[in-house]
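Inspection log for the structure reproduced underneath, given as structure tokens.
Numbered from 1 within each chain, the chains take letters A, B, ... in sequence-line order.
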Amino acid sequence: MTDILVELNSAQREAVEAISGPVLILAGPGSGKTRVITHRVAYLIKVCGISPRHIMAVTFTNKAAREMKERLYRLVGGQVKDLTLGTFHAICARILRMDGKGIGVDPRFVIYDEEDQESLLKRSIGEVGLDPKQYAPRAIASAIRAAKVRTLTPKDYVERSRSYFEEVVSRVYERYQQLLTESNALDFDDLLMKAVQLFRNSPETLSRYQTRYQHIQVDEFQDTNLVQYELIRQLGGKYGNICVVGDPDQSIYSWRFADLRNILSFEKDYPKAKLILLEQNYRSTKKILETAFHVISASPERKPKGLWTKNESGELATVVETYTEQEEAQFVVNEIERLVNQGKVSLGGCAVMYRTNAQSRALEEAFVRYGTPYKLVAGTRFYQRREIKDIIAYLKLIHNPYDTVSLLRIINVPQRGIGQQTLARLSGWAKSMGISQYEALRLISEPKDDKQSFSPHIARALVGFLNLMEEFIARSRELNLVDLLDLVTERSGYREYILGQPDGEERWENILELRTVAQQYRDLKPAEGLSAFLEGVTLVSDVDGLDETVDAVTLITLHQAKGLEFPVVFIVGMEDGILPHIKSFDDPEQLEEERRLCYVGITRAKQRVYLVHAFRRSLMGSSTVNKPSRYLSDIPQHLISSGGWWQGEERQIATAIYSWDKPSASVPITQGFKAGDHVRHDQFGDGVVVSCQPGKDDSEVVVVFKGVGVKKLSLSFAHLEKVE
DNA sequence: CGAAAGGCTCTTTTT
DNA sequence: GAGCCTTTCG
């Protein structure tokens, strides 16, 4: 019993023991908030005797949920399986599949990701008679999302619209929602909104859930939005045992409508809430914390908060400027190799963080070139690859033939002679009959029907596709997921099709990778396996795939890095225009969010931080010159060790070549060399040192020899003489 | 209908 | 620099 409390400090212990009533925990980075939630749940189960069935814990990512589950397993054993533990979206999806019928949600619904959403939105814009090019789908999508976060139905929205734009949005929103319903699909925001609507419409259902969830904990509370807040308020309505944990300084998702005011609302809605501050940091050195503190406290809006550590003082943050993003990447790789060779850190202990995904390319290239192992947290994210989405579309359609987005995606992939014209006619015809497109296909296949006007060979193509899908649907009732997937890729002709494409081999490998994922669902009953798999692949987050056991450098966006920690952290692209991103320049609130993002990055580090910026960087094809990030100037000089101006290998070589012709008295040398030193080698003759890297028990020297070229030599064998 | 070629616009961050 | 869309031609 006591072992649950024994490893906690007094504030943490207080947070764990405050099990009745609302609790607000404000927890700085590295202060053990995940630990607090985990131990709190364990305490509820083991000490208070609460059944895990009555406990809910909401995390930000599936990975966080999985880790919490593992930790809890160690504390309470097999009982973890009865907990409700997951992201808001996953939990809501489950609620809606169980109980959504009351508000017209069919339990077989599919979930539309952003891409599906965009495609449906474009259609909606067209169908209400507007030009998708004139009304940016993104802007409308964002407005609709904002509406859903406030649980406004299209009807509510119409009543509130005050401007022409809102008028447009309300029309599109209405049609979009209709199309979703017809497709038996929900988008990400629907999952949350519909759950809240369900509870509003059905007090009995709500009461059932309220009775079940006697204890609710929410992690990363600073990044919840209004609809998530409402959901928690509803669920906790009976017992009020709600524990939320967050850090306003780490709020970085306002663009997803996360709202810091939730923290204020919490204090207002639950005036008796117990406030607990976790201020002791166990992660970082004093200097890192101090550096981070200077960055965050330059914010005008912020409430001051304490954060301290007993850890050692540590080393200064290193600020380095390079010429281009390629040299930035080279610097990072070189520095990591150096630290690793010196035994200061393992590859897995290093992370490179950046503001935008596009920045990963230069880094990846450098890592590949130097042969340094790395793991990229989902570049062009796996599940968004075309071939993966295609296969998933087949499976979605098998699961739910009303899914028009998936139908349109694959009806002609591989080509079956079904073109735009045909599709337009099909969808018009289906609409006029008030049936789904899939049902329309079924009608065409019935020989007696001749009202449709498709020419025989086109009708044959359509029916061919229908028969294919019908076969899949029939077989899906008996085949396990892997066999079904194999059947689909074979019989649809997709395998042959993709192998004939450029990069076909690689794309096919990706599908095999998807097959590996499917294997986890192999042993479930056919219908269950398919539905669980589809939900799993739609609700994955990028960090979910991060494998901690692989010893390789992590390449990750600053957003994804939230909640993680590494001994050594490089933040690259420390430039105005990148961090803060140029899009935030005209909005002070967004600039503050960028600052917090920088803060999040620095506080991921346990031992060392590097802040790297490039003088010149190519962005969207063309080259730009950026000033060093304004956040760098918020760090006082005494906390910075300047790595100065760093030149990449090629430019070092160029510099070396320009400085030939020096006098030639030779001096033997036993220690290392530095770049620019003139040397003589028995075999290669005179040269100039480009770099000299200390290794485990030897050093590697790179030298350009006159008339010979560049050679990599090991210091102890090369017999280099220094030439003064 | 479909393949190929050329022109356009963007990229913030993600469940 | 890539992916999307349109246009053009077979």
Side-chain angles (χ1 to χ4, degrees), chain A residues 58-65 86-93 111-115 117-119 122 132-133 136-138 141-142 145 148-149 186-193 220 223-225 227-228 251-258 353-362 377-381 383-386 412-425 455 457-458 461 500-502 535-544 556-562 573 577-585 587 590-591 593-594 596-598 600-601 618-623:
Chain A
V58 188
T59 57
F60 196 68
T61 62
N62 296 300
K63 176 168 178 280
T87 64
F88 274 107
H89 290 87
I91 290 172
C92 286
I111 301 169
Y112 279 176
D113 67 15
E114 208 128 312
E115 196 188 334
Q117 190 183 353
E118 194 186 312
S119 119
K122 278 186 188 151
K133 255 164 277 163
R138 309 173 116 249
S142 176
R145 245 176 275 141
K148 289 187 174 177
V149 163
L186 302 183
D187 67 19
F188 285 143
D189 306 293
D190 281 342
L191 293 173
L192 307 170
M193 181 178 78
E220 309 285 8
D223 285 322
T224 53
N225 60 31
V227 64
Q228 292 167 332
S251 130
I252 54 175
Y253 282 93
S254 73
W255 49 275
R256 228 169 65 184
F257 303 106
M353 301 180 186
Y354 37 83
R355 178 65 178 83
T356 65
N357 279 306
Q359 288 171 261
S360 67
R361 185 180 301 134
V377 178
T380 322
R381 298 191 276 287
Y383 290 102
Q384 289 183 196
R385 288 169 199 268
R386 205 185 67 217
N412 200 34
V413 180
Q415 294 93 302
R416 304 185 172 94
I418 303 170
Q420 285 307 312
Q421 294 288 326
T422 307
L423 287 176
R425 208 183 300 167
S455 67
H457 85 276
I458 290 194
Q501 299 273 308
E535 186 149 318
V537 296
T538 323
L539 294 181
V540 279
S541 56
D542 287 331
V543 277
D544 291 349
I556 193 169
T557 67
L558 287 160
H559 282 90
Q560 294 165 341
K562 188 176 70 161
I578 304 287
L579 183 67
H581 195 271
I582 191 160
K583 290 255 166 175
S584 60
F585 279 4
D587 180 353
Q590 279 194 51
L591 277 171
E593 182 150 314
E594 298 285 305
R596 293 193 292 269
L597 203 45
C598 183
V600 167
S618 46
L619 274 172
M620 281 193 279
S622 55
S623 171

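Within the nucleic acid shown, Thr538(A) has no heavy atom closer than 4.0 Å to any nucleic acid atom. Among the atoms of the strands shown, none is found under 4.0 Å from any heavy atom of Arg145(A). As judged by a 4.0 angstrom heavy-atom cut-off over every strand, Phe88(A) is placed among residues making no nucleic acid contact. Within the 4.0 angstrom heavy-atom criterion, no nucleotide atom of any strand lies near Lys562(A). Leu191(A) comes within contact range of no nucleotide atom at all, as no heavy-atom separation falls under 4.0 Å. As judged by a 4.0 angstrom heavy-atom cut-off over every strand, Glu114(A) is placed among the base-contacting residues.
Residue Thr557(A) has a polar side-chain atom (N or O) positioned under 4.0 Å from OP1 or OP2 of dT14(B). A sub-4.0 Å separation between OP1 or OP2 of dC1(B) and a side-chain N or O of Thr422(A) is present. Between Gln420(A) and the phosphate of dG2(B), there is no side-chain N or O to OP1/OP2 separation shorter than 4.0 Å. Residue Asn225(A) places no side-chain N or O under 4.0 Å from the OP1 or OP2 atom of dT15(B). Between Lys148(A) and dT15(B) there is no side-chain polar atom (N or O) within less than 4.0 angstrom of OP1 or OP2. For dT14(B), the OP1/OP2 oxygens have a side-chain nitrogen or oxygen of Gln560(A) closer than 4.0 Å. For Asn412(A) and dC1(B), the shortest distance from a side-chain N or O to OP1 or OP2 is not below 4.0 Å.
No donor-acceptor pair closer than 3.5 Å links the side chain of Gln228(A) to the backbone N or O of Phe88(A).
dT13(B) is unpaired under the criterion used here, namely a Watson-Crick or G-U wobble arrangement in which both key atom distances are under 3.5 Å. Pairing partner, dT6(C): dA5(B), with both Watson-Crick or wobble hydrogen-bond distances short of 3.5 Å.
Under the 30°/60° scheme for interplanar angles, the aromatic rings of Trp255(A) and His559(A) are found to stand perpendicular.
Among the candidates Ile556(A), Leu597(A), Ile252(A), the single residue satisfying the side-chain contact (heavy atoms from CB on, under 4.5 Å) test with Lys562(A) is Ile252(A).
With dC5(C), dT11(B), dA2(C) as the choices, the nucleotide that has an atom nearest any side-chain atom of Arg361(A) turns out to be dA2(C).
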